[in-house]
Amino acid sequence: MQVISTEKAPGAIGPYSQAFLTGGFVITSGQIPVNPESGVIPEGIEKQTEQSCKNVQAILEAAGSSLEKVVKTTCFLADMGDFAAFNEVYAKFFTGRPARSCVAVKTLPKNVLCEIEAIAEI
């Protein structure tokens with residue numbers, strides 16, 4: 001197993017790593033929409049989804065993988081009313097249409113609107 005870390009995605013805000021490389025797969029922690037350069041969280045579900053996707057992408061690339069190699073995502077929404085808008089942005093990044101679970105949760109870290117985690121082949 002190998003810990004994956006990159007400054008191109010926000011650092012962990014708890015006792016966990018951005019991702020692990022194991023058994024030919026990269027398993028990411030959930031990525032919230034924090035811009036890694038500025039620390040800013042964008043407004044609105046569309047921009048937050050885009051930033052979360054970019055954060056997942058940066059971690060996968062640091063591990064030698066890519067969004068095209070994602071086989072499974074788990075997505076968390078603060079409001080299922082954002083489902084359609086979330087899907088519209090998500091589909092632009094995850095073009096391979098990986099398996100996915102998407103659930104609404106009561107709250108997310110930093111009160112963001114979405115969080116995305118992924119499992120990808122190397």
Side-chain angles (χ1 to χ4, degrees):
M1 293 190 308
Q2 176 185 349
V3 172
I4 302 300
S5 181
T6 179
E7 292 182 6
K8 294 182 179 179
I13 56 174
Y16 58 89
S17 60
Q18 290 174 321
F20 254 92
L21 178 60
T22 184
F25 290 93
V26 181
I27 302 167
T28 74
S29 292
Q31 294 303 302
I32 61 174
V34 175
N35 180 306
E37 295 175 11
S38 67
V40 171
I41 296 170
E43 293 289 325
I45 188 62
E46 292 89 352
K47 289 181 181 178
Q48 287 196 16
T49 303
E50 181 177 354
Q51 186 63 59
S52 290
C53 289
K54 287 179 178 178
N55 293 344
V56 170
Q57 182 177 27
I59 293 168
L60 293 175
E61 289 174 356
S65 188
S66 67
L67 290 174
E68 292 76 26
K69 294 182 179 183
V70 172
V71 295
K72 170 75 166 77
T73 63
T74 305
C75 305
F76 306 93
L77 299 177
D79 181 350
M80 200 51 82
D82 288 335
F83 187 72
F86 174 86
N87 279 338
E88 190 173 323
V89 177
Y90 173 96
K92 294 175 185 176
F93 286 87
F94 295 94
T95 58
R97 301 178 68 115
R100 181 180 94 172
S101 300
C102 187
V103 298
V105 296
K106 185 174 179 181
T107 56
L108 289 163
K110 298 186 180 262
N111 292 314
V112 299
L113 303 175
C114 65
E115 180 172 359
I116 302 169
E117 60 184 43
I119 300 171
E121 294 180 309
I122 294 299

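Position 1 is the first residue of the sequence; numbering continues from there.
For the pairing with Val70, the side-chain contact (heavy atoms from CB on, under 4.5 Å) check across Ile119, Thr28, Leu60 returns one residue only, Leu60.
In this structure, Gln31 and Pro10 have side chains that are in contact, with non-hydrogen atoms separated by less than 4.5 Å. Side-chain contact check for Ser29 versus Gln18: every heavy-atom pair is 4.5 Å or farther apart. Considering only heavy atoms from C-beta on, Gln51 stays 4.5 Å or farther from Lys47 through its side chain. Between Val56 and Phe93 there is no side-chain heavy-atom pair separated by less than 4.5 Å. With a 4.5 Å cut-off on side-chain heavy atoms, Pro33 and Asn55 do not count as touching. Side-chain contact between Glu117 and Phe76: present, with at least one pair of heavy atoms (C-beta onward) separated by less than 4.5 Å. No side-chain heavy atom of Val71 sits under 4.5 Å from any side-chain heavy atom of Pro98.
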Check the pair Ile122 / Phe25 against side chain to side chain contact (heavy atoms under 4.5 Å, CB included), numbers first and verdict last. CA-CA 6 Å; Ile122 294 299; Phe25 290 93; 5.9 Å; no

Test Arg100 against Phe94 for side chain to side chain contact (heavy atoms under 4.5 Å, CB included), laying out the working first. CA-CA 10 Å; Arg100 181 180 94 172; Phe94 295 94; over 6 Å; no

Verdict with supporting geometry, Leu67 and Thr95, side chain to side chain contact (heavy atoms under 4.5 Å, CB included): CA-CA 8 Å; Leu67 290 174; Thr95 58; over 6 Å; no

Applying side chain to side chain contact (heavy atoms under 4.5 Å, CB included), run through Ser17 and Ile4 and close with a yes or a no. CA-CA 7 Å; Ser17 60; Ile4 302 300; over 6 Å; no

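The structure places CD of Glu61 at 12.0 Å from NZ of Lys54, a figure rounded to the nearest 0.5 Å. Here CD of Glu68 is found 7.5 Å from CD of Gln57. Values are rounded to the nearest 0.5 Å. A distance of 9.5 Å separates CD of Glu46 from CG of Leu113, quoted to the nearest 0.5 Å.
In Lys110, the NZ atom is not crowded: 12 or fewer heavy atoms of neighbouring residues, nucleotides or ligands sit closer than 6.0 Å.
Note on Val40: it does not cluster hydrophobically with Val89, by side-chain heavy-atom contacts below 4.5 Å among ILVMFWY residues. Ile45 and Leu108 fall into different hydrophobic clusters, where Ile, Leu, Val, Met, Phe, Trp and Tyr side chains are chained together by heavy-atom contacts under 4.5 Å.
The two atoms that bring Ser52 and Ile116 nearest to each other are CB-CD1, 3.9 Å, heavy atoms only.
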